[in-house]
Amino acid sequence: LQHIINRISEEKSITSARVVEIVSEAKISYQDLLPFATFNHPLVESYGRAKVYEGDNFGVYVMSWNSGDFTAIHSHGHTQWGTVLFFGNTNHRIYVVKDKTVKLIDDQTLRAGSLLPVRQGFIHAMGNLSKEQFQTFHIYGADNFSSPTNDDSKVYQLEHERIRITSGPAFLNIDDDY
C-alpha cells in the first residue's frame, strides 16, 4: 500500500486512468487490507471505513462490507480523480441529478478484482448483496484542492427529501454527528 501512496505522490498531475494503472500494477491482495478490517462497525454506520492515508491532495481508505451493508447515494465532494478496487462482488448503482431529481442510470454487479475509475461529479451507491464479507480499496484525490478531498460530499437522503453535506462517510442514516 505504501508503494501506491509513494507512486501517486510522485505524480505532478494525475488522472483516474493513471491511478487505475498504479493500483493494478501493485497487485494488492485481500490479505494486504485485513489490518484495516472494520467488519464490527456499528450498524448505524452502514459499512466499515478505515483511513489508510491522507495526504495533501489525496486519501486512501479501506471499506469493510458485511452482508447487507450499503452506502447512501452520494458524491465525493472535491474529488477529481481516483479508483475503487473490489475484493468481492459488489452491487454498484450510478445516478445523475437534474432539476432536483435523482435518477438511477446504471445498476450492476462489479466482480471481485474490478477497478472502477472515480471522476469529478460521480454520484453513486454501492453495497454487499452477497452472503460473504469483503473489502474494497479506495483512493480519492484532487490536483487543485488540499486534503481531505471528500469534504463537501453530498449524501442524498431521498426518503427525507434532503441532501446532507459531509466530510467523507456516506452512511444511510447519517446523523448530525457527521
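One-based numbering along the sequence shown. Predicted model only: the values in this text are computed from it and were never measured.
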So Ile22 and Ile14, side-chain contact (heavy atoms from CB on, under 4.5 Å) or not? Walk me through it. CA-CA 11 Å; Ile22 291 169; Ile14 196 163; 4.1 Å; yes
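- Expressed to the nearest 0.5 Å, how far CG of Asn57 lies from CD of Glu11 amounts to 11.0 Å.
- Tested against Phe137 for a side-chain contact (heavy atoms from CB on, under 4.5 Å), the candidates Leu115, Leu1, Val84 yield a single pass: Leu1.
- Listed here is the closest heavy atom pair of Lys27 and Asp32: O-OD2, 4.4 Å.
- Between the side chains of Glu10 and Asn6, no donor-acceptor pair of N or O atoms lies under 3.5 Å.
- Annotation: side chain of Ile123 is not in contact with side chain of Val96 (no heavy-atom distance under 4.5 Å).
- When all heavy atoms of Ser13 and Asp143 are compared, the pair lying nearest together is OG-OD2, 3.6 Å.
- Without hydrogens or angle criteria, Asn66 side chain to Phe39 main chain gives a donor-acceptor distance under 3.5 Å.
- Tyr47 and Leu43 are not part of a single hydrophobic cluster, where members link through side-chain heavy atoms under 4.5 Å apart.
- Remark: the backbone N or O of His124 is paired with a side-chain donor or acceptor of His74 at under 3.5 angstrom.
- Side chains of His41 and Asp69: a donor-acceptor N/O pair is present below 3.5 angstrom, by distance only.
- Atom-to-atom distance recorded for Met126:CE and Ile73:CD1 is 14.0 Å, nearest 0.5 angstrom.
- Between Tyr140 and Tyr61, the angle of the ring planes lies from 30° to 60°, which puts this pair in the tilted group.
- To the nearest 0.5 angstrom, Gln108 atom CD is 7.5 Å from His92 atom NE2.
- Of the candidates Asn128, Thr109, Asp107, Asn91 forms a side-chain hydrogen bond (donor to acceptor under 3.5 Å, both in side chains) with just one, namely Asp107.
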Can Ile4 and Ile139 be said to form a side-chain contact (heavy atoms from CB on, under 4.5 Å), step by step? CA-CA 10 Å; Ile4 292 170; Ile139 298 172; 3.7 Å; yes
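- In this structure a side-chain-to-backbone donor-acceptor pair under 3.5 Å is present from Asn89 to Ala112.
- Closest approach of Ser64 and Thr38 over heavy atoms only: OG-N, 2.9 Å.
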Pair Leu110, Leu116 - check side-chain contact (heavy atoms from CB on, under 4.5 Å), show working. CA-CA 9 Å; Leu110 297 175; Leu116 176 73; 4.3 Å; yes
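- Without hydrogens or angle criteria, Ser67 side chain to Ser130 main chain gives a donor-acceptor distance under 3.5 Å.
- Side-chain atoms of Met63 and Gln135, non-hydrogen and from C-beta on, never get closer than 4.5 Å to each other.
- Between Tyr95 and the choices Asp106, Val102, Ile105, the side-chain contact (heavy atoms from CB on, under 4.5 Å) rule is met once, by Val102.
- Side chain of Ser24 to backbone of Val20: no donor-acceptor contact under 3.5 angstrom is found.
- Using bins of under 30°, 30° to 60° and over 60° for the plane-to-plane angle, the ring pair Phe58/Tyr53 lands in the tilted bin.
- Closest approach of His3 to Ala26, counting heavy atoms only: CD2-CB, 4.5 Å.
- In this structure, the separation between CZ on Arg7 and CD on Glu25 is 5.5 Å, given to the nearest 0.5 Å.
- Judged purely by distance below 3.5 Å, without hydrogens or angles, the side chains of Thr90 and Trp65 never pair a donor atom with an acceptor atom.
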Tell me, with the steps shown, if Arg93 and Phe70 meet side-chain contact (heavy atoms from CB on, under 4.5 Å). CA-CA 11 Å; Arg93 301 169 186 168; Phe70 228 93; 3.7 Å; yes
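- Checking side-chain atoms of Ser16 against main-chain N and O of Val118 turns up a donor-acceptor pair under 3.5 Å.
- Put simply, the side chain of Ser75 never gets that close to the backbone of Gly121: no donor and acceptor are under 3.5 Å apart.
- Note: Leu85 CG to Thr136 OG1 = 8.5 Å, rounded to the nearest 0.5 Å.
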